[in-house]
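Structure first, commentary second.
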Amino acid sequence: MIRPGRRLPRWFFERPSPEVAPDLLGRVLVRRLPDAATLSVRIVETEAYQEDDPASHSYRGRTARTEVMFGPPGRLYVYFTYGMHFCMNVVTGVEGEGSAVLLRAGEPLEGLDEMRMRRGVDDARALCSGPGRLCQALGVTRTDNGTDLVAGNALSLHAGMPVRPGDVAVTPRVGIRSGIERPWRFVRVGDPFVSRGRPARIARPS
DNA sequence: CGTTGGATTGGCT
DNA sequence: GCCAATCCAACGC
């Protein structure tokens, strides 16, 4: 079992999202819910989004939905999509800048049975391998939007064991129509818990 | 106000 | 591999 380790400090998130995204691989996301077992996952897949990036929700400026993205770093940005799924992001960069990192997949560490109940599937690899699945497994919904990951209790991010740059693959982001030229999807090479969608092949120069 | 399509997923061909 | 499901934010009139 991987130890969560110490909590990531505010400054960790106060950097450009393409820098934070690969650094989040191997980190541990802990979920605490009232009257439920503690849930935790090891992050294995992320994507970066920035304000000058047409694929980003923040591209068109501040709106009610994207307000959290422009707020202080280290908070959670949760959005609802396709009429049924939630996706969660970690807000990055300095306050006033609309950037974030989408958490796309994780390896379940603690609370697998609780996750199986929430997801309705058995296979550990199907519990958190996708942004919608990850939110469902951890019970993250719109009420978690804006939660502080640095100081809050419901969700927290811990140091875990970072993935060596040589084990990080870079690929185009999934499911976007514009901004496809920015290779801002980061995955742990060969990890069985990454989402479906093209497996990563482009090795990052180390 | 009406329209459009989405940072997805699961089931079926 | 393809496509429907199912809300609602964003945008145009």
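Chain A is the first sequence line, chain B the second, and so forth, proteins listed ahead of strands; every chain is numbered from 1. These numbers come from the heavy atoms of this one structure, side chains and all, not from hydrogens, waters or symmetry mates.
With a cut-off of 3.5 Å on both pairing distances, C:dT6 has no Watson-Crick or G-U wobble partner at all. Of the nucleotides present, none pairs with B:dA7 by Watson-Crick or G-U wobble criteria with both distances under 3.5 Å.
Nearest to the side-chain atoms of A:Met69 among the listed nucleotides B:dA7, C:dC11, B:dT9 stands B:dA7. For A:Arg142, whose side chain is taken as the heavy atoms from C-beta onward, the closest listed nucleotide among C:dC8, C:dT6, C:dA10 is C:dC8. Side-chain atoms of A:Tyr82 lie closest to B:dT8 of the nucleotides B:dT8, C:dA10, B:dA7. Of all nucleotides listed (C:dA10, B:dT8, C:dA5), B:dT8 comes nearest to the side chain of A:Thr81. Comparing C:dC8, B:dT9, B:dA7 by their nearest atom to the side chain of A:Arg133 picks out B:dT9. Of the candidate nucleotides C:dC2, B:dA7, C:dA10, B:dA7 has the atom lying nearest to any side-chain atom of A:Tyr77. With B:dA7, C:dC8, C:dC2 as the choices, the nucleotide that has an atom nearest any side-chain atom of A:Phe80 turns out to be C:dC8.
The CE-P distance, from A:Met88 to B:dT8, rounds to 14 Å in whole Å. When rounded to the nearest whole Å, the span between CZ of A:Arg177 and C1' of B:dT4 equals 12 Å. As rounded to whole Å, 16 Å separates atom C1' of B:dT8 from atom CG of A:Leu103. One can place CE of A:Met84 at 16 Å from C1' of C:dA9, the figure rounded to the nearest angstrom. Atom pair A:His85:NE2 and C:dA5:P shows a separation of 13 Å (rounding to whole Å applied). In this structure, A:Arg119 places its CZ atom 8 Å from C1' of B:dT9, rounding to the nearest Å. The separation between A:Arg196 atom CZ and B:dA7 atom P is 16 Å, rounded to whole Å. Taking atom CG on A:Asp53 and atom P on B:dA7, their separation rounds to 11 Å, with Å as the unit.
Dense packing is recorded around CZ of A:Arg62, with more than 12 heavy atoms of other residues, nucleotides or ligands lying under 6.0 Å away.
Note that A:Arg142 lies in the cation-pi zone of A:Phe80, set by a 6.0 Å cut-off to the ring centre and a 45° limit from the axis. Remark: A:Arg173 qualifies as a cation-pi partner of A:Tyr49 under the 6.0 Å distance and 45° angle criteria applied to the six-membered ring. Cation-pi geometry between A:Arg10 and A:Phe12 is not met: the NZ or CZ atom fails to fall both under 6.0 Å from the ring centre and inside 45° of the normal.
A residue-by-residue look at A:Val121 and A:Ile176 shows that A:Ile176 has its nearest nucleotide of DNA chain B further toward the 5' end.
Among the protein residues, A:Arg65 comes within range of the sugar-phosphate backbone only, with heavy atoms under 4.0 Å from sugar or phosphate atoms but none that close to a base. Residue contacts shown for A:Leu102 include a base, since a base heavy atom lies under 4.0 Å away.
Side-chain nitrogen and oxygen atoms of A:Thr63 include at least one within less than 4.0 Å of the OP1 or OP2 phosphate oxygen of C:dA10.
A donor-acceptor contact under 3.5 angstrom links the side-chain atoms of A:Tyr79 to the base of B:dA7. Side-chain N/O atoms of A:His57 and base N/O atoms of C:dA9 include no donor-acceptor pair closer than 3.5 Å.
Comment: A:Asp113 does not engage A:Arg118 in a salt bridge, judged by the lack of any side-chain N to carboxylate O separation of less than 4.0 angstrom. A:Asp123 has no carboxylate O lying under 4.0 Å from a charged side-chain N of A:Arg116, or vice versa, which leaves the two without a salt bridge.
Between B:dG2 and C:dT6, the two P atoms lie 22 Å apart (nearest whole Å).
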